[in-house]
Amino acid sequence: MDVPIMELKNVNMKFKMPGGNFFTALEGINFSLESGKIAAILGPSGCGKSTLLRITTGLLKPSVGEVYYKGELQSSVNDRMAMVFQNFALFPWKTVEENIELGIKEESDPSKTKKTLEHIIDVVGLEGFEDVYPKELSGGMKQRVGIARALVSNPEVLCMDEPFSALDALTSENLREETLDFWSEGKSGLSNILIVTHNIQEAVYMADEIFILASNPGSIKSIYHNSLPFPRDQKSDEFLNTVDVIYNILTQNIMPEVPKSTIYERIAPIPLVSVSEIIGLLEVLDDNKGRLELFELSEHIKRDFGRTISIALATEMLGFVETPRHDVIFAPLGKKFLDADINKRKIIFKDQILKIPIIKAIVALVQKSEDKVITREECEEFLIEKLPNERAEDLFETIVNFALYSEVLDYDSRDEELSLITQNV
Ligand code: ADP
């Protein structure tokens with residue numbers, strides 16, 4: 001076999017957190033990619049996709065492990081790779097052409113550069129827009145500029161971080177297709193595309209290799225070789241079957257069928273979502289006869305797939321829904337909660353959160369403290385000790401949000417103190 005264009009060996013990534021602890025974002029990452037292939041890094045929000053992409057490009061140095069490019073150990077930013085960002089990352093005070101020019105390397109021959117620039121502007125459909133400023137462009141046109149700026153450096157690998165997720169469905173579909181056309185023409189010297197996405201259809205439409213990531217810590221759970229011939233027909237049975245297979249792998253990883261009895265037994269992290277997101281999910285379920293498939297739910301609540309799964313898991317943890325396979329259905333308590341007035345809702349919510357071990361433990365900590373008050377710092381230290389692999393600040397925010405809503409605890413954000421609301425516990 002030829003030398004792979006890129007290869008990651010035993011990559012781990014730990015971030016140092018305020019307070020000196022480490023957060024493991026990626027663990028045990030191994031993959032290689034053949035030249036000429038498109039790979040997708042697929043997984044829910046926060047599982048480490050962008051971090052993995054940045055490590056691959058050399059923008060970030062892994063804590064452990066090696067990155068190889070065409071068989072050579074990579075020790076700095078790889079200038080054969082170019083990046084396209086979700087939020088376009090354009091300079092508002094520069095015109096379309098000036099923004100694209102930023103992608104040109106300093107050492108390039110100026111006469112060639114002008115030609116490349118004109119060619120790229122033509123290819124990505126920006127002709128006539130050269131002197132326009134980003135604010136005058138639609139989202140789709142802005143991303144054309146982002147893509148042009150990456151392509152103008154004649155990269156071998158185009159790295160794309162959720163490039164189409166801020167765009168409407170039709171625009172993203174067009175841009176996906178155009179990106180594939182550009183790659184398959186091969187005239188530009190573009191050999192590979194590495195795309196980060198949480199959209200299964202996008203991964204199946206574009207990629208030959210799909211690296212399916214799981215969270216906590218981010219790791220590759222499965223690599224799917226997608227051999228559907230190009231151009232891919234999104235409505236064909238083969239395409240839909242592939243989406244289903246990947247969907248199953250992804251949801252198995254993220255939504256294991258845990259026996260309900262184990263949910264409340266040990267101190268475990270809770271999904272980082274807000275009470276209003278939980279109520280929003282229940283309202284949408286109510287409008288849809290109490291049952292929705294996860295993908296449909298994600299469309300209805302206008303959250304990406306990864307976020308939708310987190311909200312569904314939190315709602316399940318509270319006993320408000322059940323999640324058999326890929327469906328989310330009302331549990332009787334969820335319906336009762338939604339139909340109740342605000343005071344009854346708070347009581348139901350309080351009863352449920354006090355069954356969750358980590359919240360129970362925090363409430364006990366406050367109860368045991370001298371004045372029934374603990375500082376945010378003390379609480380976060382406790383969380384770090386109990387759940388060292390979690391982001392204590394995020395966990396704290398979520399617990400406070402739940403506890404404030406149900407009037408279990410009070411939080412003084414000025415003094416950063418958590419106290420007990422005695423009459424309620
Ligand atoms: P994704 O792209 O899958 O949404 P990211 O790679 O952006 O995930 O992040 C993975 C995890 O690593 C998240 O919990 C994120 O908060 C954390 N993380 C990313 N970058 C840093 C950083 N520089 N410092 C601390 N934590 C980080």
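Treat the numbers as computed from the prediction; the structure is a model and nothing was measured.
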Walk me through it: do Phe349 and Tyr405 pass the test ring-ring contact (aromatic ring centres under 6.0 Å, His included)? CA-CA 8 Å; Phe349 203 90; Tyr405 173 76; 5.1 Å; yes
Could you walk me through whether Phe337 and Phe320 satisfy the ring-ring contact (aromatic ring centres under 6.0 Å, His included) test, starting with their C-alpha distance in whole Å, then the side-chain angles of each, then the deciding distance to 0.1 Å, before giving a yes or no? CA-CA 8 Å; Phe337 172 81; Phe320 294 166; 4.6 Å; yes
Is any side-chain heavy atom of Val84 closer than 4.5 Å to a side-chain heavy atom of Ile195?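 No. Closest side-chain heavy atoms not under 4.5 Å.
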With a 4.5 Å heavy-atom cut-off, do Ile301 and Thr308 have their side chains touching?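 Counting from C-beta outward, Ile301 and Thr308 do come under 4.5 Å.
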Given side chain to side chain donor-acceptor pair (under 3.5 Å), test Glu156 with Ser191 step by step and report yes or no. CA-CA 5 Å; Glu156 284 174 339; Ser191 147; over 6 Å; no
Could you work out, with side chain to side chain donor-acceptor pair (under 3.5 Å) as the rule, every residue matching Arg144, not counting sequence neighbours? Glu178
Which residues satisfy the ring pair (Phe, Tyr, Trp, His ring centres under 6.0 Å) test with Tyr411, sequence neighbours excluded?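 Tyr411 satisfies ring pair (Phe, Tyr, Trp, His ring centres under 6.0 Å) with Phe396 only.
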Which residue pairs satisfy the side chain to side chain donor-acceptor pair (under 3.5 Å) criterion with at least one member in residues 199-208, sequence neighbours excluded? Arg176-Glu202, Thr197-Glu202
With Arg376, which of Glu417, Glu397, Glu381 fulfils side chain to side chain donor-acceptor pair (under 3.5 Å)?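 It is Glu397, the one option of Glu417, Glu397, Glu381 that forms the side chain to side chain donor-acceptor pair (under 3.5 Å) with Arg376.
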A quick test of your reading: do over 12 heavy atoms of other residues, nucleotides or ligands sit less than 6.0 Å from CD of Glu293?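 Correct, the count exceeds 12.
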Residues, nucleotides or ligands: over 12 heavy atoms within 6.0 Å of Phe129 CZ: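 At most 12 heavy atoms, drawn from other residues, nucleotides or ligands, come within 6.0 Å of this atom.
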So does Glu34 get a backbone contact from the side chain of Asn192, meaning a donor-acceptor N/O pair under 3.5 Å? yes
Is the backbone N or O of Ser32 less than 3.5 Å from a side-chain atom of Glu7, with the two atoms forming a donor-acceptor pair by type? no
